[in-house]
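The structure appears below as structure tokens.
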Protein chains: 2
Amino acid sequence: MKTEINLGQDAQQIQIFKALADPIRLQILQYIKQTDHPVACGEVGRAVNISKTSGSYHFKLLEAAGLITAEKIAREKYVTINWSTFETYVTNFTQRL
Amino acid sequence: MKTEINLGQDAQQIQIFKALADPIRLQILQYIKQTDHPVACGEVGRAVNISKTSGSYHFKLLEAAGLITAEKIAREKYVTINWSTFETYVTNFTQRL
DNA sequence: TAAATAGTTCAAAAGGTTTTGAACTATCTT
DNA sequence: AAGATAGTTCAAAACCTTTTGAACTATTTA
């Protein structure tokens, strides 16, 4: 009996690595991390110098991967890093492999 | 003094996540890991059911990312997982971010 | 209420990755 | 030496991701 990752877990793992495999998304995560409190998408987008359309696309991917969590307050959308996803899928990746 | 990723390190980080963001390459790594000794590319390729051209492409990417190490012995190329790259860029990613 | 701000959606264009088959080099077997 | 096996390279095709601008919704400010 071979220990193997099932299809569902593997798909999520790939979605996470894809989300992380992009310079803009890494900058976004770096920015959110260093502010260390929920921050509006617009502020992050301005900090990393991207259009709001492009920002919307990147935030959607990060959220879909479970790497960030978003809360909409009135006009703005505040994002936070989801450390537990990082723990499970990134930090503990080699054990899961 | 803030610990930040410089451009060169960031590029390597992205190359690593790109290499990991693919189901075939994850299967390749899983196979190499579970044999737990250097294994020929042909054997891995057969195990994960890909053409030799496609295998050659994927092994090249994994090696370029530093995730595997290859040694050519006569006709065959034997691959091994480079655990130190995983440690630095995957396991310790959140600290580096 | 009009204008400004925050963000989303859509489709097209631009750009990047992966697969394919054919042709190739090198080594091994008969 | 001829044929089989291991792997590489190349260019084209197929496929996938990202950026762009315009049009949109919802909230806030004047």
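A note on names: the letters A, B, ... follow the listed sequences, proteins ahead of strands, and every chain is numbered from 1. Computed from a prediction, not measured in an experiment: that's the story for all the values here.
- Atom C1' of nucleotide C:dT29 and atom CD of B:Glu76 are separated by 14 Å, given to the nearest angstrom.
- Taking atom OH of A:Tyr57 as the reference point, atom P of C:dA11 lies 16 Å away to the nearest angstrom.
- Summarising the geometry, the separation between NZ on A:Lys77 and P on D:dT28 is reported as 17 Å, rounded to the nearest angstrom.
- If you measure from atom CD1 of A:Ile14 to atom C1' of C:dT18, you get 14 Å, rounded to the nearest angstrom.
- Checked against C:dT19, C:dA4, D:dT20, the side chain of A:Arg75 finds its nearest nucleotide in C:dA4.
- Ring geometry for B:Phe93 against A:Phe86 counts as parallel: the plane angle stays under 30°, on a 0 to 90° scale with 60° as the upper cut.
- Contact check, B:Ser54 against C:dT19: a side-chain N or O comes under 4.0 Å of OP1 or OP2.
- The hydrophobic clustering, which links ILVMFWY residues whose side-chain heavy atoms are closer than 4.5 Å, places B:Tyr78 and B:Phe59 apart.
- Atom CD in A:Glu71 sits about 13 Å away from atom P in C:dG7, given to the nearest Å.
- When each of A:Ile24 and A:Ala74 is assigned the nucleotide of DNA chain D with its nearest heavy atom, A:Ile24 is the one assigned upstream, toward the 5' end.
- No donor-acceptor pair under 3.5 Å is formed between the side chain of B:Asn82 and the backbone N or O of B:Thr85.
- Using a 4.0 Å cut-off, some side-chain N or O of B:His58 falls inside it from OP1 or OP2 of C:dT19.
- Partner of A:Ile28 under the side chain to side chain contact (heavy atoms under 4.5 Å, CB included) criterion, out of A:Ile68, A:Val48, A:Ile81: A:Val48 alone.
- Using a 4.0 Å heavy-atom distance criterion, A:Lys72 is classed as making no nucleic acid contact.
- By the rule that hydrophobic residues join a cluster once side-chain heavy atoms approach within less than 4.5 Å of another member, B:Ile32 and A:Leu97 end up as members of one cluster.
- One atom, CD1 of B:Ile28, and another, P of C:dT18, lie 11 Å apart when rounded to the nearest Å.
- The nearest heavy atom of DNA chain D to A:Asp22 and to B:Tyr78 marks one nucleotide each, and the one closer to the 5' end goes with B:Tyr78.
- Residue B:Leu61 is in sugar-phosphate contact alone, with no base atom involved, counting any heavy-atom pair closer than 4.0 Å across all strands shown.
- Distance A:Ile50 CD1 to D:dT19 C1': 11 Å, rounded to the nearest Å.
- The side chain of A:Arg46 approaches C:dA6 more closely than any other nucleotide in the set C:dA6, D:dT20, D:dG7.
- Listed nucleotides: C:dT20, D:dG7, C:dG7. Nearest to the side chain of A:Ala40: C:dG7.
- Separating the CG atom of A:Leu62 from the C1' atom of D:dT18 is a distance of 14 Å, rounded to the nearest angstrom.
- A donor-acceptor contact under 3.5 angstrom links the side-chain atoms of A:Lys52 to the base of C:dG7.
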